J.: 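Take this structure, written in structure tokens, and hold onto it; I'll ask about it next.
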There are 2 protein chains.
Amino acid sequence: MSNIRDVAQLAGVSVATVSRALQQPDLVSLKTRTKVLAAVKQVGYKPNLMAVRFRSGKTHHLVVLVPTVANVFFARVISGMQQAAHDKGYSLLLCNTLADEAMEQSYARMVHTSQADGLIQLRAHNPFAQLEMKTGSVLPMVNACEVLDRIACPTVLLDNRAAACAMTEHLLQLGHRRIAMIKGPARSPLTRDRVAGYRDALDAAGVAFDESLLYPGDFTLQSGHQAATELLALANPPTALFCENDEMAIGAIQAVKQHGLKLPQDISVAGFDDISFAAFADPPLTTIAQPAEEFGSTAVNLLIDLLEGRLTKAPKVILPFELIQRASTGPAPAVSG
Amino acid sequence: MSNIRDVAQLAGVSVATVSRALQQPDLVSLKTRTKVLAAVKQVGYKPNLMAVRFRSGKTHHLVVLVPTVANVFFARVISGMQQAAHDKGYSLLLCNTLADEAMEQSYARMVHTSQADGLIQLRAHNPFAQLEMKTGSVLPMVNACEVLDRIACPTVLLDNRAAACAMTEHLLQLGHRRIAMIKGPARSPLTRDRVAGYRDALDAAGVAFDESLLYPGDFTLQSGHQAATELLALANPPTALFCENDEMAIGAIQAVKQHGLKLPQDISVAGFDDISFAAFADPPLTTIAQPAEEFGSTAVNLLIDLLEGRLTKAPKVILPFELIQRASTGPAPAVSG
DNA sequence: TATTTTGATGTAACCGATATCATTTATAGG
DNA sequence: CCTATAAATGATATCGGTTACATCAAAATA
């Protein structure tokens with residue numbers, strides 16, 4: 001591999017001149033510049049970016065902590081991130097945490113050990129908590145999708161409360177009164193907000209909240225299936241299932257059918273995210289569309305702004321949602337519990 | 001940020017001793033070692049890995065070129081890669097190429113500019129072709145899933161021909177004679193192999209090959225839907241649809257239902273990959289299971305072996321498949337065209 | 001013509017670790 | 001007690017760029 005000294009020697013100039021000819025061409029005379037460029041071409045010189053970045057102290061790498069890339073929604077978010085990062089000359093170091101705290105820690109440490117400039121976290125957990133406790137410093141981080149409320153860091157989020165409220169209102173308008181919610185883990189702020197939105201809508205409609213209609217899932221198809229199965233076994237089962245993501249909704253739909261019920265005549269099922277499979281469910285899934293790619297690109301842009309000092313304080317960007325009405329939700333059955 | 005000199009000064013030793021105390025503790029006396037470790041702790045020293053890697057010339061980064069992370073199968077492959085890479089102290093630089101040649105090139109160049117040690121390519125395209133042409137050097141690459149046949153590089157693949165043959169045989173055994181194949185782009189070697197397997201089975205069963213039953217898709221739900229719609233409009237439509245991935249199969253199932261046909265009584269649909277949604281399709285999808293995560297981990301391990309000089313020649317690893325029989329395929333309808 | 005200003009280039013320090021080689025100190029053997 | 005050998009430590013070059021500063025020539029000004 002040729003280096004800058006080879007080029008300098010061949011061109012008969014100093015290494016400084018070569019560097020300048022490539023970085024600030026106006027500082028170099030046309031004559032020398034052409035000589036240098038010819039030499040660069042001849043030896044096939046490519047600057048060693050490891051050296052450049054070591055010198056500059058900036059890696060241009062961003063760590064992304066994703067709970068699971070196998071989740072379709074997150075996959076879209078990552079896609080948006082990658083595009084935005086590439087546009088600004090950054091690359092993504094991907095970590096599929098799989099809820100493994102140690103794995104998350106080990107990637108977070110990359111920001112400490114100068115392997116990455118900053119980090120984007122997609123779940124409600126501060127991976128720097130331990131590190132910052134020890135060092136007292138605050139590391140560059142952006143939070144997206146799932147939101148940490150205790151920390152003042154730039155954030156991209158959906159108005160989950162309003163979105164859950166909108167979907168619940170939709171179901172209430174269809175005449176449903178027993179609306180179950182297949183939610184995420186109890187401790188998640190995202191789930192907490194969505195449950196709050198669900199209750200807002202119930203309260204506004206004067207429908208009593210029933211704790212037994214809340215079922216905690218884990219965002220997988222299987223958990224949606226299991227949740228629906230158990231909810232349908234209740235003495236007074238729900239006529240609508242509002243799921244916190246489309247995977248669980250699709251799982252729930254299968255359980256509903258296995259239970260011998262027809263959708264949407266006997267029961268309605270709604271999802272959240274509008275992943276590509278939602279429109280291909282049978283029946284097609286009513287859901288909340290989120291701008292997944294935009295989550296990713298916004299998060300990346302915020303982080304880069306933060307890193308490059310263009311951020312004075314931590315903004316909270318709220319992205320819009322849209323209720324997508326399809327055939328999985330319909331009027332509540334005439335004889336309702 | 002503290003550096004090795006700070007530690008050395010505080011411990012009252014030379015930087016070389018600090019480095020040794022951390023890298024080869026046996027070369028340092030117990031007394032000095034404890035002194036050094038105390039100093040390390042006191043100043044909160046973390047070696048600057050950018051410096052380490054610049055010095056060593058190894059980045060411990062691997063570029064991964066993925067056609068689309070939004071594809072569930074690829075998401076699983078990436079998950080497997082990330083796990084394996086992490087276990088060996090490497091990180092993944094993810095590039096979602098989205099069929100953008102320029103994007104692919106720009107990431108491939110990272111190997112040239114010392115930003116990454118090697119590359120894993122998931123589609124049948126050599127991103128180094130141009131670079132290697134110019135420089136004459138061969139860059140470390142591993143190919144997985146989609147296979148490049150012209151190049152001698154370590155490869156992880158499925159016996160796609162045998163798998164497609166197995167699925168076709170399954171359909172033939174069910175009595176199907178008009179079996180359509182919703183395949184991938186014509187130029188893809190993967191598709192070529194699978195079509196070959198499909199023909200192997202037809203030939204063995206003495207069923208004539210009908211070109212009009214081959215339909216090129218692009219692995220999306222939409223394209224499966226469209227393909228099925230067009231195939232069902234044929235004068236002599238197929239009784240079975242063999243799709244090259246599960247997304248297209250799920251899209252096809254929707255089209256089949258919209259056409260008023262029942263599955264599997266009127267028509268059978270089979271997929272490929274066994275993504276999580278396959279078991280939740282209605283009816284559950286018969287498909288070929290591939291060890292997606294293992295594809296990822298194997299590819300990463302091969303690349304690391306290659307980088308660390310443990311590979312003499314380019315191995316081809318063939319991973320096993322399994323035909324998963326579910327309810328989307330059944331006996332051919334009695335009155336067949 | 002003498003002097004200042006501008007432009008172009010070279011010299012060398014620097015980023016932070018590692019590793020070679022030299023040097024000092026400790027241990028063993030005679 | 002002295003030397004030979006081993007063990008521990010230090011001084012410093014090095015990786016490949018960038019950049020502050022020095023130098024020098026050419027152009028502009030007095």
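Nothing here was measured: the structure is a model prediction, and the numbers come from that model. Per chain, numbering begins at 1; letters A, B, ... match sequence-line order.
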J.: Can I get a per-line list of side-chain donor-acceptor pairs under 3.5 Å for residues 62-70 of chain B, giving both atom names and the distance, sequence neighbours left out?
T.:
none

J.: What is the per-nucleotide protein-contact pattern of nucleotides 6-16 of chain D, from the 5' end, where B denotes a base atom under 4.0 Å from a protein heavy atom, S denotes such proximity for sugar-phosphate atoms only, and - denotes neither?
T.: --SBBBB-BBB
J.: Return all side-chain donor-acceptor pairs below 3.5 angstrom for residues 42-52 of chain B, not counting sequence neighbours, or 'none' if the list is empty.
T.:
from: N48(B); atom 1: OD1; to: M50(B); atom 2: N; distance (Å): 2.8
from: N48(B); atom 1: OD1; to: A51(B); atom 2: N; distance (Å): 3.1

J.: In whole angstrom, give the distance that lies between atom CZ of R53(B) and atom C1' of dC15(C).
T.: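 So the CZ-C1' distance, R53(B) to dC15(C), works out to 17 Å.
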J.: Are side-chain N/O atoms of N96(B) and S79(A) paired as donor and acceptor at under 3.5 Å?
T.: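 Yes, side-chain donor-acceptor contact under 3.5 Å.
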J.: Please list all pairs meeting side-chain hydrogen bond (donor to acceptor under 3.5 Å, both in side chains) that have one or both residues in residues 299-313 of chain B, counting only residues at least two apart or in different chains.
T.: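 Passing the test, one end in residues 299-313 of chain B: K88(B)-N301(B), Y90(B)-E308(B), D305(B)-R310(B), E308(B)-R310(B).
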J.: So what is the end-to-end bend of the helix from dT1(C)-dA30(D) to dG30(C)-dC1(D), with 5 pairs used at each end and the value given to 10 degrees?
T.: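 That helix has its two terminal axes inclined by roughly 50°.
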J.: Please state how far atom CG in L22(A) lies from atom P in dT9(C), giving the value in whole angstrom units.
T.: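 Answer to the nearest Å: 14 Å.
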J.: Please give, in whole Å, the distance from dA17(C) C1' to Q115(A) CD?
T.: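 Rounded to whole Å, this separation is 14 Å.
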J.: What is the separation between atom CD on Q24(A) and atom C1' on dA20(D), rounded to the nearest whole Å?
T.: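 Atom-to-atom, Q24(A) to dA20(D), this comes out as 12 Å.
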J.: In sequence, state the C-alpha distance, the side-chain angles, and the governing distance for H86(A) and Y107(B), and then conclude on ring pair (Phe, Tyr, Trp, His ring centres under 6.0 Å).
T.: CA-CA 9 Å; H86(A) 183 259; Y107(B) 273 81; 5.3 Å; yes
J.: Whether the Q115(B) and H61(B) side chains hold a donor-acceptor pair (N or O, under 3.5 Å, no angle test) is what I'd like checked.
T.: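 No pair is found: no donor N or O on one side chain lies under 3.5 Å from an acceptor on the other.
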J.: Indicate yes or no: does E293(A) engage R76(A) in a salt bridge with an N to O separation below 4.0 Å.
T.: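 The answer is yes: the pair qualifies as a salt bridge.
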J.: By the ring pair (Phe, Tyr, Trp, His ring centres under 6.0 Å) test, which pairs, at least two apart or in different chains, include something from residues 5-44 of chain A?
T.: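 Qualifying pairs: none.
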